[in-house]
Novice: 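My questions all concern the structure below.
Owing to the predicted nature of the structure, the values given are computational and were not obtained by experimental measurement. Just so it is clear: chains get the letters A, B, ... in the order the sequence lines come, proteins before strands, and each one is counted from 1.
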There are 4 protein chains.
Amino acid sequence: MSPRRRDAEGTAAARAERRAELLATAAEVFASQGYSATTVRQVADAAGILGGSLYYHFDSKEAMADEILSTFLDEMWASYEGVLGAGLSARDTLEGIVVESFRTIDLHRPAVVLYQNESKHLATSERFAYLRESRSRFEEMWLALLERGVREGAFRADLDPGLVYRFIRDTVWVAATWYKRGGRLSADDIAKQYLALFLEGIEAG
Amino acid sequence: MSPRRRDAEGTAAARAERRAELLATAAEVFASQGYSATTVRQVADAAGILGGSLYYHFDSKEAMADEILSTFLDEMWASYEGVLGAGLSARDTLEGIVVESFRTIDLHRPAVVLYQNESKHLATSERFAYLRESRSRFEEMWLALLERGVREGAFRADLDPGLVYRFIRDTVWVAATWYKRGGRLSADDIAKQYLALFLEGIEAG
Amino acid sequence: MSPRRRDAEGTAAARAERRAELLATAAEVFASQGYSATTVRQVADAAGILGGSLYYHFDSKEAMADEILSTFLDEMWASYEGVLGAGLSARDTLEGIVVESFRTIDLHRPAVVLYQNESKHLATSERFAYLRESRSRFEEMWLALLERGVREGAFRADLDPGLVYRFIRDTVWVAATWYKRGGRLSADDIAKQYLALFLEGIEAG
Amino acid sequence: MSPRRRDAEGTAAARAERRAELLATAAEVFASQGYSATTVRQVADAAGILGGSLYYHFDSKEAMADEILSTFLDEMWASYEGVLGAGLSARDTLEGIVVESFRTIDLHRPAVVLYQNESKHLATSERFAYLRESRSRFEEMWLALLERGVREGAFRADLDPGLVYRFIRDTVWVAATWYKRGGRLSADDIAKQYLALFLEGIEAG
DNA sequence: CATGAATGAGTGTTCATTCAT
DNA sequence: AATGAATGAACACTCATTCAT
C-alpha cells in the first residue's frame with residue numbers, strides 16, 4: 001500500500017469518522033430536546049464547532065435526521081434478518097426479535113428515541129418514505145409472527161393480534177426513552193424480563 | 001334566578017366554553033404535529049380565527065399547553081382517587097387504574113399524547129413543575145401497588161418492580177398515540193385485553 | 001329654556017366632560033410612559049373602561065394626542081396674547097411670558113411633557129402641521145422680544161440671540177418634566193426664581 | 001508580534017469596530033425617532049443590513065440601548081473626574097463641568113438625546129439600574145458644588161439649590177436636542193455662552 | 001475544515017382598530 | 001356608552017442556511 005493510497009484512505013476514513021461523530025452528537029441532542037426544538041447551533045455547540053460549519057459535512061438539518069434514522073433502521077433490519085432466517089419456532093423467533101430490539105436500543109438509543117418521537121411527523125415528507133415502508137414491514141412481520149404462534153399453539157388465540165402487535169411494539173421501543181447504558185439492568189436483562197412479561201404476565205402462579 | 005344573573009352566567013359560561021373549544025383544537029394540533037413544530041397560526045387556522053386572536057384568550061402558546069396538561073392531569077388523578085380509595089385488593093386496584101387510564105385516554109387523547117411527547121422537555125421549566133410532581137406521584141403509586149400485590153400473593157415476586165412499573169406505564173400511555181374513538185375497539189375493550197396481557201401474558205394456557 | 005333643550009345641552013355637556021376626562025387620563029399616561037410606549041389599552045385601563053370603548057369617543061390614538069396638544073397650545077397662545085398686547089417693556093414682557101409659561105405648565109403639565117417628548121416626531125405628520133407653525137411662531141416671538149430688549153438697553157448685546165432663545169425655551173419647558181402641583185414651590189415661585197436666573201445669573205454680587 | 005497575534009487582534013478589533021459602527025447608527029435612529037417608535041428593522045436599514053442580522057452582534061434592542069447609554073455615561077463620568085479632582089474653586093469647577101458636558105454632547109449627541117428622552121422610562125427596568133445611580137450621583141455632585149460655591153462666596157445664596165441644579169442640568173442636556181456638530185457655534189462656544197448666562201444672566205450691565 | 005457575518009423566511013406576540021351586541 | 005371577540009399589520013426575535021475568507 002503506497003503512502004499516497006494510505007493518505008487517501010486516511011482522509012476518507014477520517015471524514016467518515018468525523019461524520020459519524022457529528023451524527024452521534026446530533027442524535028443525542030435531537031433525542032434529548034426533540035428534533036424541532038433543537039437548533040442547528042445547539043448541535044454545533046455540542047460538537048464544539050460553529051453552526052455554519054456543520055454545513056460542510058451535511059446538506060441540512062433534515063439530512064442529519066435522515067442519516068441517523070436510516071443508519072439505525074438498516075442495522076435493525078439486518079439484525080432481524082438473522083433471527084427471521086434461522087428457522088426458529090414462533091416463540092423462539094419472538095424471543096430473538098425482542099432481544100435484538102433491545103440490542104438495537106443499546107447501540108442506537110438516541111436514534112430510536114428520535115424515531116419514536118418524530119417518525120410520524122417526518123414520514124409525511126417524501127424524503128422519509130422509507131420510514132413508512134419500514135413501519136408497514138414491521139407490522140407485517142409481527143402480525144405474521146403472532147399468527148404463526150397461534151397456529152403453532154404457542155400463543156393464546158383469544159387476543160386481538162393487532163392489539164398485541166401494538167402492545168409489544170410500543171413497550172419495546174418506548175423503553176429507549178429511559179434506557180441507560182451501564183445502568184443496573186443490561187439490555188439483555190431487560191429483554192429477558194420483558195419477555196417474561198409478554199409471555200407469562202405478572203400474575204402469580 | 002334573575003335575568004341579570006342568567007346573563008352573567010351565560011357570558012361567563014360562553015367564555016369558558018370558547019376557551020375549552022380552542023384548547024381542544026390546540027391539543028389536537030399539538031398532538032398531531034408536535035408542540036414545537038406547531039405554530040400558533042396553525043392552531044388558529046384550525047380554530048378558524050387569526051393567529052393574533054388566540055392571544056385574546058390565552059397569554060401564550062405555553063399557557064395553552066399548560067392549561068391542556070393541567071386539566072388532563074387533574075381529571076386523571078381525580079379518577080384515580082376513586083379507585084385508590086375504594087379499598088380494593090391490589091389486583092382489582094390495578095384493574096381499576098388501567099381501566100381509568102384508558103378512559104382518560106378516551107376523553108383526553110390529544111392531551112395524553114402531548115404529555116407523552118413533550119412533558120420531559122416542558123418539565124424543565126418552572127411553570128410546569130407540576131409535571132414533575134405528577135410523575136413522581138405516579139411512580140410512587142405504581143410501586144406501592146405492585147409491592148402490595150406481591151405481598152398479597154397476587155403478583156409474581158421474581159420481576160423487577162421498577163421495570164414492571166415502566167412497562168405498564170409506557171404501554172398504557174403510548175396507546176394514546178394510536179387510539180381512535182369510535183374505532184373497532186372501545187377504550188374499555190382495550191383495557192380488558194391489556195389487562196389480560198399484563199396479568200397472564202400471551203403464552204397459551 | 002325647555003326641558004328638551006336642557007336635556008340636549010345636558011348630554012352634549014356630559015359628552016364633552018367625558019371626553020375631557022378621558023383626554024386628561026390619556027395625557028397623564030402618555031406623559032409618564034411616552035406616547036409610543038403607551039398602549040390604547042393602558043389608557044383605557046387608567047380610565048376604567050375597555051380598550052375598544054375609547055373608540056366611541058375618539059377616532060384614534062393619534063386623535064387623542066392631537067386634541068391634547070392643540071387644546072394646550074390654544075390656551076398657551078391665548079395667555080401669551082394677553083401679555084404681548086399689554087404694551088409692556090421687553091423686560092416686563094419677558095417676565096410676563098415666563099410667568100404665563102409656568103402657569104401653562106401648572107394647568108397642562110402632561111400635555112406639555114407630551115409636547116416636549118413627541119412633538120418633533122409627530123410634527124412630521126400633516127395632521128400635526130400646527131405643531132410646526134406654533135414652533136416657528138414661538139421662535140419669532142422670542143427673537144423679536146430679545147432683540148427689542150437689546151435695543152431698549154435692557155438685555156446684553158454680547159450674547160447670541162438664537163442661543164439665548166433656545167436656552168430660555170428649553171429651560172422653561174423641560175421644567176414640566178419634574179414639576180409637581182402642590183409641591184414645595186408653586187409655579188409662580190419657580191417662575192420668579194427662573195427669572196432671577198435668566199436676568200441676573202447665579203453669580204454673587 | 002507574530003502574524004497569528006496580529007490576526008487575532010485584527011479580528012477582535014474589527015468586531016469591536018463593527019459593533020461601534022452599528023451602535024452609532026442605532027443611537028442616531030433612536031435619537032431621531034425615539035426608542036419605542038424605532039423598529040429594529042429601521043436600525044438595520046440605516047446600517048445597510050437586514051433586521052435579523054443585528055442579532056448576530058447584539059442580544060436585543062434593549063441591549064443596544066444599554067450599550068449606548070452605559071458607554072456614554074462611563075465617558076462622561078471619566079471626563080467629570082478630571083475636573084472634580086483638579087482642586088479648583090467652585091466657580092471654576094462649574095465652568096469645567098459645563099465645558100465637559102458640552103464636549104460630551106459633541107461626542108455622544110445621539111446617546112445624550114436617548115438618555116434625555118428614555119432614561120426615565122428605561123430606568124424602571126433592573127437592567128438599567130445604573131441610570132438611577134448615575135442620576136443620583138449627578139444630583140449629589142451638583143448640589144455639593146452649588147453649596148460650596150455659596151460658602152466660597154462665589155454664588156448667590158438667595159436661590160433654591162434644588163431649583164438651580166435642575167435649571168443647569170436641564171439646560172445643558174436639552175441642548176443635545178438641537179446641537180449640530182460643525183454648525184455655526186462649536187460645543188465650546190456654546191459652553192462659554194451658557195456659562196455667561198448661568199453666571200451673569202441676560203440683563204445688561 | 002472551520003469561521004463569522006449575513007440572509008430571509010418564519011415565529012410568537014403585540015396592538016390599534018373594528019363591530020355586532 | 002360600553003363590551004368583548006376578533007382582525008391584520010407590524011414587531012422583536014429566531015434560525016436554517018449561505019458564502020467569502
Novice: Tell me which residues in residues 26-41 of chain C lie within less than 4.0 Å of DNA chain F, going by non-hydrogen atoms.
Specialist: none
Novice: Listed by chain and number, what are the side chain to side chain contact (heavy atoms under 4.5 Å, CB included) partners of D:Ala46, not counting sequence neighbours?
Specialist: D:Thr25, D:Val29
Novice: Tell me, what's DNA chain E's dot-bracket, Watson-Crick or G-U with both distances under 3.5 Å, | for other-strand, [ ] crossing?
Specialist: .||||||||||||||||||||
Novice: Enter the distance from C:Leu131:CG to C:Asp66:CG here, rounded to the nearest 0.5 Å.
Specialist: 8.0 Å
Novice: Just how far is it from atom CD of B:Glu28 to atom OG1 of B:Thr38, taken to the nearest 0.5 Å?
Specialist: 11.5 Å
Novice: Which residue pairs satisfy the ring pair (Phe, Tyr, Trp, His ring centres under 6.0 Å) criterion with at least one member in residues 31-59 of chain D, sequence neighbours excluded?
Specialist: D:Phe30-D:Tyr35
Novice: Using side chain to side chain contact (heavy atoms under 4.5 Å, CB included) as the criterion, list what pairs up with C:Ser32, not counting sequence neighbours.
Specialist: none
Novice: I'd like to check the side chain to side chain contact (heavy atoms under 4.5 Å, CB included) partners of B:Glu126; sequence neighbours left out, ordered by chain and number.
Specialist: B:Ala129, B:Arg132
Novice: Does the side chain of A:Glu21 come within less than 4.5 Å of A:Arg18's, by heavy atoms?
Specialist: yes
Novice: Would you confirm whether B:Ser134, through its side chain, and B:Tyr130, through its main-chain N or O, come within 3.5 Å as a donor-acceptor pair?
Specialist: no
Novice: Among residues 53-67 of chain D, which residues get a heavy atom nearer than 4.0 Å to DNA chain F?
Specialist: D:Tyr55, D:Ser60, D:Lys61
Novice: Mind checking A:Ile49 for me? I need base, sugar-phosphate or nothing, with any heavy atom below 4.0 Å counting as a touch.
Specialist: sugar-phosphate
Novice: Both B:Leu22 and A:Gly52 contact DNA chain F. Taking the nearest nucleotide for each, which residue is further toward the 5' end?
Specialist: B:Leu22
Novice: So, using side-chain hydrogen bond (donor to acceptor under 3.5 Å, both in side chains) as the criterion, who are the partners of D:Arg19 when residues are at least two apart?
Specialist: D:Glu67
Novice: Sequence neighbours excluded, which residues qualify as side-chain hydrogen bond (donor to acceptor under 3.5 Å, both in side chains) partners of D:Thr177?
Specialist: none
Novice: Could you tell me the boundaries of the chain D footprint on DNA chain E, defined by atoms under 4.0 Å from its heavy atoms?
Specialist: E:dG4 to E:dG8
Novice: Can you list every salt bridge (Lys or Arg N to Asp or Glu O under 4.0 Å) pair that touches residues 42-64 of chain C, not counting sequence neighbours?
Specialist: C:Glu62-C:Arg127
Novice: Nearest 0.5 angstrom please: B:Leu22 CG to B:Leu54 CG, how far?
Specialist: 6.0 Å
Novice: Can you list every side-chain hydrogen bond (donor to acceptor under 3.5 Å, both in side chains) pair that touches residues 114-125 of chain A, not counting sequence neighbours?
Specialist: none
